[in-house]
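Worksheet: the structure to be examined is printed underneath.
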Amino acid sequence: MTPARKQKLMIVGSIVLGSAVAVALMLYAFNQGLNVFFTPTEIAEGKVGADQNIRIGGMVKMGSLVKQGAGTTITFIATDTNEDIPVAYTGVLPDLFREGQGVVAEGRIDANGVFQANSILAKHDENYMSAEVKAALDAAAERKAAGGTP
Amino acid sequence: MWQWFYKLGSPRYFYEMTTGFVPWLARATFLLLAIGLVWGLGFAPPDYQMGDNYRIIYIHVPTASGAIWIYAMMAVMAAMHMIWNIKVADMVAKSCALIGASFCAVALVTGAFWGKPTWGTYWIWDAKLTATLILFFVYVGVMALRSAFDSETAASKAASVLTLVGVVNLPIIYYAAYWWNTLHQRSSELGVRDASANPPEIWIPAVFSGFGLIGLIFVIIILHTRNEILLRERRAQWVQELVKQETGNA
């Protein structure tokens, strides 16, 4: 490699490295501010001020989903398995919303510590499977829970 | 190996070598895309909770990862152009910007159409989606910057520098769902070890459509680069002879 090429190579390298370092520092400075939601644990730790419009994310706790009256009002518990937070919501739910499923809710925490959501989004994971496979898996899990051999 | 590499850097050699190669690549691409899309959209089993909605992954995932890899290729070409002053590398980089921006746009739009029925929203400003939108803007910015110069050399140089700066965005897009809380799920692992999630009957069609889209990327880049070669080398003798030949045959 001629010295001129070597110099160009250094320039290219420093452009890439320089921008990478700059952006890395920027992202580091944002800290966790780039998260799209708070977890129930972060809320329990008091990271959110009262009456702030925020998003929370977690799982809809199994058996916690309750329909209030005849309307579209529901309550459920969002959990990250460590901490829980009760959520109340009135409105249309996404198709994927169900117990045991990820959920992201936007709203604010009221005086009673209940998260009053004004919008609900469903979060799903990166595992796709067919209905048959899912049914077989659930049956196997049930057998295992019952104490039999899977 | 190096000789072949240097030869490919010559516009004339690149043009002549790809003349016979492109039709075959195009045929293979068509076949792969047809198998992947018909299989994925028509015959793969529906997902246990998303039903048929999830089928958009056969387009969304290849175009989204394509948009990232095309950018990586564009950056390698930009670096090669800056360091070794290879003209063909710059022409390939120019072609990459166009198809990369298109792939990125398709990924964003299909993602929105997937997000509405599953998440309940077309768009959310989470880290992964926002970084992908930035990628689209960077692509458009590279194209705009290139066309803003009258001098070809200045345009190439400016576009190359901006391309290299934008590389930093690529790992951010990929790792966004690991570094931060996002609504977007993480990347699926192909279920070779774990039989339960992402079984072969779901991901094999995705492999076909993925390779089909890779083929499509190369077909478009090569065709676009060939046009660019003819345009930039229009004063070269071999191009003029080629034109004379073609117009003589017509």
Side-chain angles (χ1 to χ4, degrees), chain A residues 1 4-24 26-27 30 32-39 42 55-57 92-98 101-104 106 119-138 140, chain B residues 44-51 53-54 57 75 78-80 82-85 115-121 124-131 160-169 171-172 176-177 179-189 191 194-199 201-203 206:
Chain A
M1 218 182 250
R5 299 260 174 281
K6 209 168 252 174
Q7 198 190 353
K8 290 251 178 74
L9 184 69
M10 299 288 277
I11 293 172
V12 169
S14 49
I15 290 174
V16 173
L17 207 72
S19 52
V21 168
V23 172
M26 212 166 72
L27 295 179
F30 276 127
Q32 292 301 304
L34 292 174
N35 288 327
V36 83
F37 56 78
F38 290 97
T39 62
E42 284 168 338
R55 283 198 203 95
I56 58 159
V92 183
L93 291 164
D95 288 351
L96 246 58
F97 178 86
R98 63 192 71 172
Q101 180 78 42
V103 66
V104 173
E106 191 177 347
S119 91
I120 295 258
L121 301 175
K123 180 171 160 64
H124 63 84
D125 65 13
E126 63 276 21
N127 298 317
Y128 314 99
M129 52 183 115
S130 62
E132 293 93 54
V133 172
K134 177 67 179 167
L137 277 178
D138 288 348
Chain B
D47 179 65
Y48 72 103
Q49 55 178 1
M50 282 181 255
N53 284 333
Y54 92 99
I57 61 170
M80 274 167 55
M82 280 184 78
I83 298 167
W84 289 286
N85 215 358
K116 186 66 188 171
T118 51
W119 297 341
T121 182
I124 186 169
W125 292 100
D126 85 355
K128 189 146 178 141
L129 274 63
T130 308
S160 299
V161 172
L162 181 58
T163 302
L164 290 173
V165 171
V167 168
V168 67
N169 195 16
I172 296 177
W179 292 343
W180 302 290
N181 293 332
T182 57
L183 185 61
H184 194 287
Q185 66 277 21
R186 297 174 173 186
S187 305
S188 298
E189 287 179 24
D194 182 3
S196 59
N198 308 312
E201 63 263 31
I202 284 181
W203 61 256

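Letters A, B, ... are given to chains in the order of the sequence lines, protein chains preceding strands, and every chain is numbered from 1.
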For L27(A), which atoms come within 4.5 Å of any heavy atom of chain B: side chain, backbone, both, or neither?
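Just the side chain, heavy atoms under 4.5 Å.
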Against chain B, label Q101(A) side chain, backbone, both or neither, depending on which of its atoms sit under 4.5 Å from a heavy atom there.
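It is the side chain, since no backbone atom gets that close.
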Max heavy-atom pair count under 4.5 Å with chain B, selected residue of I15(A), V103(A), I11(A)
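Option with the greatest count: I15(A).
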May I ask you to decide if N35(A)'s main-chain N or O and N181(B)'s side chain share a donor-acceptor pair within less than 3.5 Å?
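Answer holds: no.
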Hey, which of [options] has the most heavy atom pairs under 4.5 Å with chain A?
options	answer
I124(B), V161(B), T121(B)	I124(B)
V167(B), T118(B), D126(B)	T118(B)
A79(B), G51(B), P46(B)	P46(B)

Separation between CZ of R5(A) and CE of M82(B), rounded to the nearest 0.5 Å:
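CE of M82(B) is found 12.0 Å from CZ of R5(A).
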Rounded to the nearest 0.5 Å, how far does CG of L34(A) lie from CH2 of W125(B)?
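Result: 13.5 Å between the selected atoms.
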For [X] versus [Y], what's the shortest heavy-atom pair and its separation?
X	Y	answer
K123(A)	T182(B)	NZ-O, 2.8 Å
D47(B)	Y128(A)	OD1-CA, 3.3 Å
L96(A)	Q49(B)	CD1-O, 3.5 Å
S19(A)	L164(B)	OG-O, 4.3 Å
R186(B)	E126(A)	O-CB, 3.1 Å
D95(A)	P117(B)	CB-O, 4.0 Å

Atom group of L183(B) that falls short of 4.5 Å from chain A, counting heavy atoms:
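Both the backbone and the side chain of L183(B) come within 4.5 Å of chain A.
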Can you name the residues that form a side-chain contact (heavy atoms from CB on, under 4.5 Å) with A131(B), not counting sequence neighbours?
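With sequence neighbours excluded, A131(B) shows a side-chain contact (heavy atoms from CB on, under 4.5 Å) to N169(B), I172(B), I173(B), given in chain and number order.
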Quick one: salt bridge (charged side-chain N to carboxylate O under 4.0 Å, His left out) partners of E42(A), sequence neighbours excluded?
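With neighbours one apart ignored, the set is empty.
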